[in-house]
Amino acid sequence: MSATKYNPTEIEDKWYQYWMEHKFFASKPDKNKEPYTIVIPPPNVTGQLHMGHMLNNTIQDVLIRRARMQGKEACWVPGTDHASIATEAKVVNLLKEKGIKKSDLTREEFMKHAWEWKEKYGGIILQQLKKLGASCDWDRERFTMEEDLSAAVIEVFVDLYKKGYIYRGIRMVNWDPEGKTALADDEVIFKEVPSKLYHIKYRVEGGNDYLVIATTRPETIMADAAICINPNDSRFEHLKGKRAIIPIINKSIPIIEDDYVDMEFGTGCLKVTPAHDINDYEIGLRHNLPVIDIINDDGTLNEKAQILVGEDRFIARKKIAKMFKEDGILEKEEEYTSNVGHSERTNAVIEPKLSLQWFVKMEELVKPAYENVMNDTIQLIPPKFKNTYKHWMENVRDWCISRQLWWGQRIPAYYLPNGDFVVAKSEEEALELAKEKMSDSTLTSKDLKQEDDVLDTWFSSWLWPMSVFDGFKDPDNEDFNYYYPTNDLVTGPDILFFWVARMIIAGYEFKGKKPFNNVYLTGIVRDTQGRKMSKQLGNSPDPLDLIKNHGADGVRTGLLLSSAAGNDLLFDIKLCEQGWNFGNKIWNAFRLIKGWEITDTETPEASVKAQKWFEARLNQSLVEIEDHFSKFRISDALMTVYKLIWDDYCSLYLELVKPPYGDPIDQKSYDATITFFEELMKILHPFMPFLTEELWQQIQSRSPKEALIIAQWPEAKSFDEQIVLQAQVAFDLISQIRNIRASKGISPKEALKLYVKTDEQIVYEKYSAFIYKLANLETIIFTSEKIDNAVSFLIKSDECFIPMEGAIDVEKEKAEVTKDLEYTKGFLNSVVKKLSNERFVNNAPEQVIAMEKKKQSDAEAKIKTLEERLESLK
RNA sequence: GGGGAUAUAGCUCAGUUGGUUUAGAGCACCUGCCUUACAAGCAGGGGGUCGUAGGUUCGAAUCCUACUAUCCCCA
């Protein structure tokens with residue numbers, strides 16, 4: 001016999017390999033089958049599997065495995081994105097270790113290193129997904145920087161440019177002086193840093209007055225374009241319309257008025273430095289101030305600063321502070337904690353910097369994407385995200401798509417000798433355009449200089465659902481026509497705008513069709529304290545360790561059990577243990593069944609009825625499960641399966657058909673038990689693929705065509721609800737008897753007598769075999785009299801007695817009955833109140849009134865029984 | 001500063017367009033059991049004035065308003 005404890009590691013790799021060998025994950029268009037398609041949210045090629053991926057990919061795998069079993073042509077496309085900033089940073093670091101500086105390399109040389117890095121270290125995450133059981137079609141793996149996908153990106157850029165959606169413009173970017181690149185907002189980490197607030201005196205022009213400004217960045221005073229005060233600030237009436245002198249460089253600047261200035265903060269006088277602060281830049285725009293950029297790309301001061309030229313910004317800060325002190329213009333230094341942005345990659349302090357960038361105009365493009373989510377052509381699950389989506393789309397801002405990097409698709413814009421530019425797919429086409437534009441046929445490719453910047457990685461991934469099926473390279477190909485639009489997208493709400501919305505925009509703009517029907521937004525996996533998992537906190541468990549310790553099935557189940565769509569999941573290792581426990585439970589149930597010897601004896605009544613009952617329960621559960629799946633309630637679907645297996649199959653069904661120890665089981669019961677078990681394995685397979693396939697194959701040897709992964713998903717058949725309801729009466733009775741055993745300390749081995757006082761004997765007779773077996777009864781006797789010296793309890797309004805000499809504590813019994821009586825009276829009271837309300841009777845639907853009346857009569861009957869009981873106890 | 005979301009048992013959450021309900025599940029907890037599938041198990045049990053205050057309604061956890069708290073996004 002197999003081990004009493006389920007050991008996942010022994011079987012998981014075996015079955016994954018088996019599925020791969022027999023190409024069960026592979027998909028190709030099949031006109032006779034309905035396609036079911038998911039494209040993976042491409043993880044960062046440098047990434048490692050984290051808990052978010054685990055959750056997200058488990059959900060995708062559940063959906064795809066179920067669809068496959070439903071006979072659909074299930075296709076899950078895997079792949080990675082090239083993550084320009086992250087990858088470039090990794091490559092730069094690796095080169096640094098080898099003693100090579102990026103600046104010493106040509107673009108081509110650098111790209112060669114980068115590709116080498118990608119081939120060697122990239123995409124580990126996809127290998128890790130295999131451990132989780134992800135049934136992706138690995139032959140279809142794509143990468144956003146591969147040739148075909150890059151060609152799509154360039155094509156789209158040229159197309160948008162021609163349509164007038166792409167332009168160049170000035171923008172304040174998050175500049176990383178170490179990485180020498182602009183960063184996206186989400187690549188900037190804000191940290192609280194202790195710093196100083198310097199109070200500096202500026203002389204007011206034409207007198208001996210001075211004003212005081214407070215700044216954390218004194219090294220930027222040379223770039224000041226104005227001093228700004230709040231127009232409502234009465235303290236500074238005398239400054240209005242005057243000018244101030246920047247100390248040290250003695251430059252005169254205007255004093256302006258703007259509401260932006262916070263009268264409470266600092267001194268109420270703000271130095272305005274448009275080139276080096278986003279808010280100041282906006283004030284500058286309002287007041288037509290000059291932009292004086294005094295900081296180089298590497299963070300040193302340039303000649304426009306006039307002083308300290310060539311010094312690093314932080315050294316300059318110290319030096320200038322010293323100069324203030326010497327000149328007596330430093331009024332005071334204050335300790336201050338400021339929130340400073342740091343580069344996620346290099347940890348350098350971010351320098352706000354104005355630069356010329358490429359943008360996509362969004363206002364027009366967004367329209368179909370906005371409408372089709374609002375009218376549910378594309379459904380967001382849960383729908384609460386429609387609000388967020390709406391807000392974003394209504395306030396959409398132009399998309400900055402250029403990045404000052406090499407790893408990515410180089411922008412296909414070519415500058416002409418006169419500074420103008422042309423946009424074209426290739427250098428050859430660009431040259432033709434240039435000749436035309438300049439009216440100069442003597443131009444050669446040497447006269448053109450291609451833009452150095454590359455495109456934002458999102459500018460690749462917004463095409464993902466189309467480009468993975470070669471929808472640009474070969475727009476009318478079989479795959480694209482068959483698989484697109486895809487069915488479901490599973491991702492996190494944090495990239496609803498960055499990625500999801502942009503894919504929808506691209507889908508409509510380039511193909512006139514939505515990219516997917518449904519977007520399932522998962523929650524964020526947090527630790528037990530509700531904190532986001534991060535490397536810094538070290539609060540994230542290693543997913544591969546979890547799989548090693550609890551099995552992929554255990555981890556999958558644990559993650560799904562408590563993660564409703566859109567809700568954050570507080571991850572606790574206990575969840576994985578619960579998942580494993582469930583697997584172990586099933587493992588042991590199977591051991592029990594497999595251990596039975598079989599004879600051709602007659603089937604006991606309890607077993608005959610148990611089979612009928614479980615079949616009904618199974619079908620009832622299938623209906624519930626289908627309903628949950630149709631609403632993307634994956635967690636609820638799993639919980640329904642969990643309870644069906646644990647409570648109904650193991651705790652009730654198996655106990656009902658189980659022969660006495662050592663006895664064999666009859667053939668019919670055995671067959672039914674195995675058939676039910678097989679159905680359960682099918683339903684559970686999408687959630688726990690490994691364990692279910694293992695047991696499926698242990699039931700009997702099967703050919704690859706009979707593998708569970710491609711078995712047919714069970715369909716709910718019609719069933720008799722009465723069976724479930726009537727059996728429930730027996731189960732309630734069993735619980736009550738077990739309760740009495742527990743409270744009176746009676747061993748389960750001691751057979752008991754049960755008396756039932758009822759008008760409906762049939763209800764108890766029908767499933768009496770269940771009661772005999774599970775409650776261990778000697779006999780059931782129907783009576784019209786009360787039984788003395790017995791413990792009693794109620795099933796609805798029927799009184800049941802178990803004779804028990806001297807075991808009755810009258811006072812305790814009385815207290816219990818009184819409590820129950822009071823509750824029921826209160827309940828009756830609320831019902832009667834409702835029914836005596838004329839407006840209720842007139843307005844409420846008939847069904848509701850009938851229900852209330854039933855509640856009333858049930859409660860009245862119960863009260864009568866309880867009162868009699870109380871009387872007899874006196 | 002602007003916007004959004006959430007608030008139900010110790011924890012995590014259901015409660016499906018207001019009516020089977022003086023509220024359900026899983027986990028945790030308590031009690032008793034090593035009953036020959038499983039002690040990572042079995043059987044039983046306790047536990048919530050549905051964030052606060054108003055309002056609409058015959059009827060509110062559910063709809064409306066205000067407040068409080070927490071989280072997220074944008075600046």
Side-chain angles (χ1 to χ4, degrees), chain A residues 1-6 185-186 260 262 278-279 282 382 384-392 394-395 397 493-494 496-497 523-524 526 528 530 532 550 554 558 561-564 566-572 574-575 577-596 627-628 630-631 633 635-636 638-640 642-643 646 650-651 654-655 658 660-662 734-749 774-776 823-824 826-827 829-831 833-845 847-852 854-855:
Chain A
M1 184 170 274
S2 50
T4 60
K5 295 210 184 321
Y6 168 53
D185 291 343
D186 59 328
Y260 171 78
D262 183 349
I278 179 68
N279 297 308
E282 275 160 19
K384 67 178 177 186
F385 286 108
K386 269 171 86 174
N387 271 334
T388 319
Y389 184 86
K390 182 172 187 248
H391 185 253
W392 273 335
E394 283 173 354
N395 299 284
R397 303 197 315 163
D494 46 337
L496 182 57
F497 183 69
I524 294 164
R526 299 173 177 279
T528 43
K532 263 190 179 177
H550 303 93
L561 271 174
S562 63
S563 59
N567 277 331
D568 286 359
L569 163 65
L570 300 200
F571 181 78
D572 192 328
K574 279 180 191 161
L575 290 169
E577 283 167 16
Q578 196 189 343
W580 181 87
N581 289 352
F582 183 43
N584 191 50
K585 180 75 188 175
I586 296 165
W587 178 261
N588 277 293
F590 186 68
R591 284 180 60 232
L592 171 71
I593 299 166
K594 265 303 196 193
W596 286 332
D627 183 52
H628 288 318
S630 74
K631 291 166 186 160
R633 294 165 167 257
S635 176
D636 290 344
L638 174 57
M639 187 46 74
T640 307
Y642 182 94
K643 286 199 281 194
W646 200 310
C650 293
S651 297
L654 285 180
E655 292 300 330
K658 186 171 162 182
Y661 179 67
I734 290 161
S735 266
Q736 289 277 19
I737 296 168
R738 284 173 170 172
N739 184 1
I740 284 163
R741 281 186 194 276
S743 61
K744 307 287 178 202
I746 302 163
S747 157
K749 286 176 181 161
L774 297 191
N776 190 16
Y823 175 92
T824 314
F827 178 71
N829 195 30
S830 76
V831 175
K833 220 165 112 187
K834 246 189 231 182
L835 282 168
S836 60
N837 185 328
E838 237 174 83
R839 280 152 91 178
F840 170 73
V841 180
N842 292 338
N843 292 319
Q847 217 187 339
V848 174
I849 293 169
M851 231 127 44
E852 291 299 321
K854 173 103 185 6
K855 278 199 264 179

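Quick note on labels: first sequence line is chain A, next is B, and so on, each numbered from 1.
- Summarising the base pairing, B:A60 is matched to no nucleotide, lacking a Watson-Crick or G-U wobble pair whose two defining distances lie under 3.5 Å.
- Nearest heavy atom pair, residue A:Leu774 against residue A:Glu655, reads CD2-CB, 3.6 Å.
- Across all strands, A:Lys643 comes closer than 4.0 Å only to sugar-phosphate atoms, never to a base (heavy-atom distances).
- Distance from the side chain of A:Tyr642 is smallest for B:G26 among the nucleotides B:A37, B:A40, B:G26.
- Side-chain atoms of A:Glu282 stay outside donor-acceptor range of the base of B:A75, with no qualifying N/O pair under 3.5 Å.
- Nearest to the side chain of A:Thr388, among B:U35, B:G4, B:A5, sits B:G4.
- The residue among A:Leu654 and A:Ala742 whose nearest nucleotide of RNA chain B is located toward the 5' end is A:Leu654.
- Residues A:Thr388 and A:His391 form no side-chain contact, since every pair of their non-hydrogen atoms from C-beta on lies 4.5 Å or further apart.
- Here, B:G4 and B:C50 have their P atoms 27 Å apart, quoted to the whole Å.
- Nearest to the side-chain atoms of A:Asp636 among the listed nucleotides B:A14, B:A37, B:A75 stands B:A14.
- Under the Watson-Crick or G-U wobble criterion, with both distances below 3.5 Å, B:C42 is paired with B:G32.
- Ring planes of A:Phe582 and A:Trp646: parallel class, angle under 30° (limits at 30 and 60°).
- As judged by a 4.0 angstrom heavy-atom cut-off over every strand, A:Glu655 is placed among the base-contacting residues.
- Pairing for B:A7 goes to B:U68, judged as Watson-Crick or G-U wobble with the two contacts each under 3.5 Å.
- Dashed line: the shortest gap from a side-chain N or O of A:Trp646 to OP1 or OP2 of B:C42 is under 4.0 Å.
- B:G54 sits 15 Å from B:A61 when the P atoms are compared, rounded to a whole Å.
- Between A:Lys384 and B:G4, a side-chain N or O to OP1/OP2 separation shorter than 4.0 Å is absent.
- Remark: the separation of the P atoms in B:U62 and B:A7 is 11 Å, to the nearest Å.
- Look at A:Lys744 and you won't find any side-chain N or O under 4.0 angstrom from OP1 or OP2 of B:G32.
- Looking only at side-chain heavy atoms (C-beta outward), A:Lys658 and A:Trp596 come within less than 4.5 Å of each other.
- Counting non-hydrogen atoms of neighbouring residues, nucleotides and ligands closer than 6.0 angstrom, the NZ atom of A:Lys854 reaches no more than 12 such neighbours.
- Nucleotide B:G1: paired with B:C74 (Watson-Crick or G-U wobble, both distances less than 3.5 Å).
- Nearest-nucleotide assignment on RNA chain B puts the 5′-proximal partner with A:Asn387, out of A:Gln578 and A:Asn387.
- Listed candidates were B:C73, B:A43, B:A40. Nearest to the side chain of A:Ser651 is B:A43.
- Under the 30°/60° scheme for interplanar angles, the aromatic rings of A:Trp392 and A:Phe497 are found to be tilted.
- Judged by atom type and distance alone, A:Lys585 reaches the base of B:C38 through a side-chain donor-acceptor pair under 3.5 Å.
- Not a single donor-acceptor pair under 3.5 Å links the side chain of A:Asp636 to the backbone N or O of A:His628.
- Contact annotation: A:Arg633 reaches the phosphate of B:G15 (side-chain N/O to OP1 or OP2, under 4.0 Å).
- Across all strands shown, A:Lys658 has heavy atoms under 4.0 Å from base atoms, whether or not it also approaches the sugar-phosphate.
- In this model, the phosphate group of B:G41 is not approached by any side-chain N or O of A:Asn584 to a distance below 4.0 Å at OP1 or OP2.
- Counting only heavy atoms from C-beta on, A:Glu852 has its side chain closest to B:U20 among B:G41, B:U20, B:A25.
- Among B:C73, B:A40, B:A75, the nucleotide with an atom closest to any side-chain atom of A:Trp392 is B:C73.
- Under the Watson-Crick or G-U wobble criterion, with both distances below 3.5 Å, B:U16 is left unpaired in every strand shown.
- Residue A:Asn581 places at least one side-chain N or O closer than 4.0 Å to OP1 or OP2 of B:G41.
- Taking only side-chain atoms of A:Asn588, from C-beta outward, the nucleotide of B:A40, B:A75, B:C38 with the closest atom is B:C38.
- Listed candidates were B:G44, B:A37, B:A39. Nearest to the side chain of A:Ser735 is B:G44.
- Closest to the side chain of A:Met639, out of B:G26, B:A37, B:A5, is B:G26.
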